[in-house]
Amino acid sequence: MRVAVVNPVGGIGGAERVLLDLLRVARERAPEVRFTVVALGEGPLVERAAELGAEVEVMPMPERLAALGDAPVRGAGALLRTALGTAARGLEAARFSRALCGRLVGVRPDVVHSNGLKVHLLLAPLRGRAKVVWHLHDFVGERPLMRHALRGVSRSAAAALCISRAVEEDARRWLPGVRCEVVPNGVDVERFSPGGAVAELDRLAGLPEAPAGTARVGMVATYARWKGQDVFLQAASQVNARCYVVGGPVYRSSGSQFSPEELRGLAKGRVRFVPFQERVEEVYRALDVVVHASTRPEPFGLTIAEAMACGRPLIASRAGGAAELFEDGVEAVGLPEVSAGALAKAISGLLADPPRREALGKAARAGAVARHSSERFAAGVLGLYRSVAGA
């Protein structure tokens, strides 16, 4: 079976880490499945996918299309401006879509795996020529323009792969008629484990080594505004620990991400910044408390599953798909609503209670191994491929 995966960027965020795990497991467990990865931008994903045995091509998306999106749209005025921008780029999108779909038809895939909302739209002309699986990493209901556009081309999708039950419920509401299958994301529980190398966070942040016994608290996330770095920065000023923001901007959509300068301005020197790390598991091991601070319901929350697999005590929002990942109070501390005050209180409570941190970490590790392994994820995706290809 040949599968063509189209990814909107060449950088590596959560969706791309999940994709790389799929390629790794498939190479080991399903060598009969051959992958072609088409990245719509340059970046480390290209090299990593090739190392895992995939054929890789880069078809750069025009910059004006890459920057277009309605993730930050709030209010009628912003919606109108975004709609006008979308219409102005329609011809450019049509040309790029034709070129992309023509290249994919040449690959002759049994299944096309569309790995982003913009990609779902660009691949609409494949209807009748290829079986396309939409991988839904987001709530389409939160994207007013995107949900309308996707609904208009929904018959081009053979199935939608939903990363959580919360995403499935949202998709069934806004995309009626699309076949939805829930396959939760997974993590490599051997790579993400309590034992192994530990990141030197102070060196990576350009700081002298902290005194022995210094508590370290951090969050690992892209700079998407709803990930809550601003709330974490406010909470960090209220706790007695060294705090770190690890990550950076990945996507090119204008307005949807914090800039590094913006976050540094909000931090006012109180929090240390570390860029994205290829070996992110080493970052988790260096933290005494891991924070997930999303201010909107999370479609899944990959950092939650990764931190759990590393056996770290975790504080997380329990809205949306995140609530499906852990047993509140046993495997993590869940917050019904993320605010600076609630976050600071939860962090301080864990820092003052080492036995509880240890108990949470052990339970989190066990839960991750049982429910969040990349093998379980890959088996679900490969099963959907076979179902779609044989339909």
Side-chain angles (χ1 to χ4, degrees), residues 3-23 35-50 54 56-73 82 85-86 89-90 92-104 107 109 111-126 130 132-140 142-143 145-147 149-150 153 156-157 160-163 167 185 221-224 226-227 247-257 276 299-300 302 381:
V3 177
V5 182
V6 185
N7 200 74
V9 296
I12 297 179
E16 290 71 34
R17 295 208 299 276
V18 170
L19 170 59
L20 291 171
D21 256 357
L22 171 64
L23 298 179
F35 285 89
T36 297
V37 175
V38 180
L40 305 188
E42 295 283 359
L45 174 68
V46 175
E47 181 180 354
R48 289 287 307 281
V56 182
E57 298 184 27
V58 178
M59 287 188 65
M61 189 188 305
E63 186 63 35
R64 292 207 313 164
L65 296 183
L68 189 64
D70 67 338
V73 168
T82 305
T86 302
R89 293 164 174 79
E92 188 173 23
R95 285 197 297 264
F96 182 72
S97 175
R98 282 196 299 271
L100 175 60
C101 292
R103 181 66 196 97
L104 290 171
V107 173
V111 176
V112 177
H113 183 146
S114 177
N115 206 35
L117 295 179
K118 288 180 186 176
V119 180
H120 305 341
L121 296 179
L122 292 170
L123 299 186
L126 286 177
V132 181
V133 172
W134 288 354
H135 203 158
L136 295 181
H137 297 277
D138 303 279
F139 294 119
V140 296
E142 294 187 349
R143 314 288 186 93
L145 291 175
M146 186 61 71
R147 74 183 183 226
L150 288 176
V153 300
S156 66
L161 198 165
C162 303
I163 62 175
V167 167
N185 289 335
T222 68
Y223 280 3
W226 62 274
K227 289 294 184 180
V250 173
Y251 298 101
R252 291 180 282 172
S253 299
S254 58
S256 64
Q257 301 177 103
F276 266 121
F300 181 81
L302 189 63
V381 175

Review point. Which heavy atom of V9 sits nearest a heavy atom of E16, and at what distance?
Key: CG2-OE2, 3.6 Å
Check your understanding: Which atom names give the shortest non-hydrogen contact between V3 and H113, and what distance separates them?
Key -> CG1-CB, 4.2 Å
Review point. For the atom pair NZ (K118) and CE (M146), what is the distance rounded to the nearest 0.5 Å?
Key: 7.0 Å
Review point. Between L122 and C101, which heavy-atom pair has the shortest distance, and what is it?
Key: O-SG, 3.4 Å
Practice item. Report the residues that fulfil ring pair (Phe, Tyr, Trp, His ring centres under 6.0 Å) with H120, sequence neighbours left out, ordered by chain and then residue number. Key: W134
Exercise for review: Measure the CD-OG1 distance between E57 and T36 for me, rounded to the nearest 0.5 Å.
Suggested key: 7.0 Å
Point to revise | Working for side-chain contact (heavy atoms from CB on, under 4.5 Å), residues R103 and V38 | key: CA-CA 10 Å; R103 181 66 196 97; V38 180; 5.6 Å; no
Check your understanding: Listed by chain and number, what are the side chain to side chain contact (heavy atoms under 4.5 Å, CB included) partners of V58, not counting sequence neighbours?
Key -> E42, V46, P60
Review point. Which atoms form the tightest heavy-atom contact between D138 and P299, and what is the distance?
Key: CA-CG, 3.9 Å
**Study point:** Partners meeting salt bridge (charged side-chain N to carboxylate O under 4.0 Å, His left out) with E47 (sequence neighbours left out)
**Key:** none
Practice item. Identify, with sequence neighbours excluded, every residue that meets side chain to side chain donor-acceptor pair (under 3.5 Å) alongside N115. Key: N7, H135, H137
Point to revise | Contact check, side chains of F276 and I12, non-hydrogen atoms, under 4.5 Å | key: no
Point to revise | Rounded distance [0.5 Å steps], CG in L23 versus CZ in F35 | key: 5.5 Å
Review point. Which residues pass the side chain to side chain donor-acceptor pair (under 3.5 Å) test with R95, sequence neighbours left out?
Key: none
Revision key, fill the gap. Sorted by chain and residue number, the side chain to side chain contact (heavy atoms under 4.5 Å, CB included) partners of A224 (sequence neighbours excluded) come out as T222, W226, K227
Check your understanding: If you take all heavy atoms of V56 and A50, which pair is closest and at what distance?
Key -> CG2-N, 3.6 Å
Exercise for review: Specify the closest pair of heavy atoms between Y223 and P249, including all atoms of both residues, with the distance to one decimal.
Suggested key: CD2-CD, 3.5 Å
Exercise for review: Check whether any side-chain heavy atom of L121 lies under 4.5 Å from a side-chain heavy atom of L150, and answer yes or no.
Suggested key: yes
Check your understanding: Do the side chains of I163 and V18 get nearer than 4.5 Å, heavy atoms only?
Key -> no
Point to revise | side chain to side chain contact (heavy atoms under 4.5 Å, CB included) involving V119 - partner list, sequence neighbours excluded | key: V6, P8, L40, S114, L123
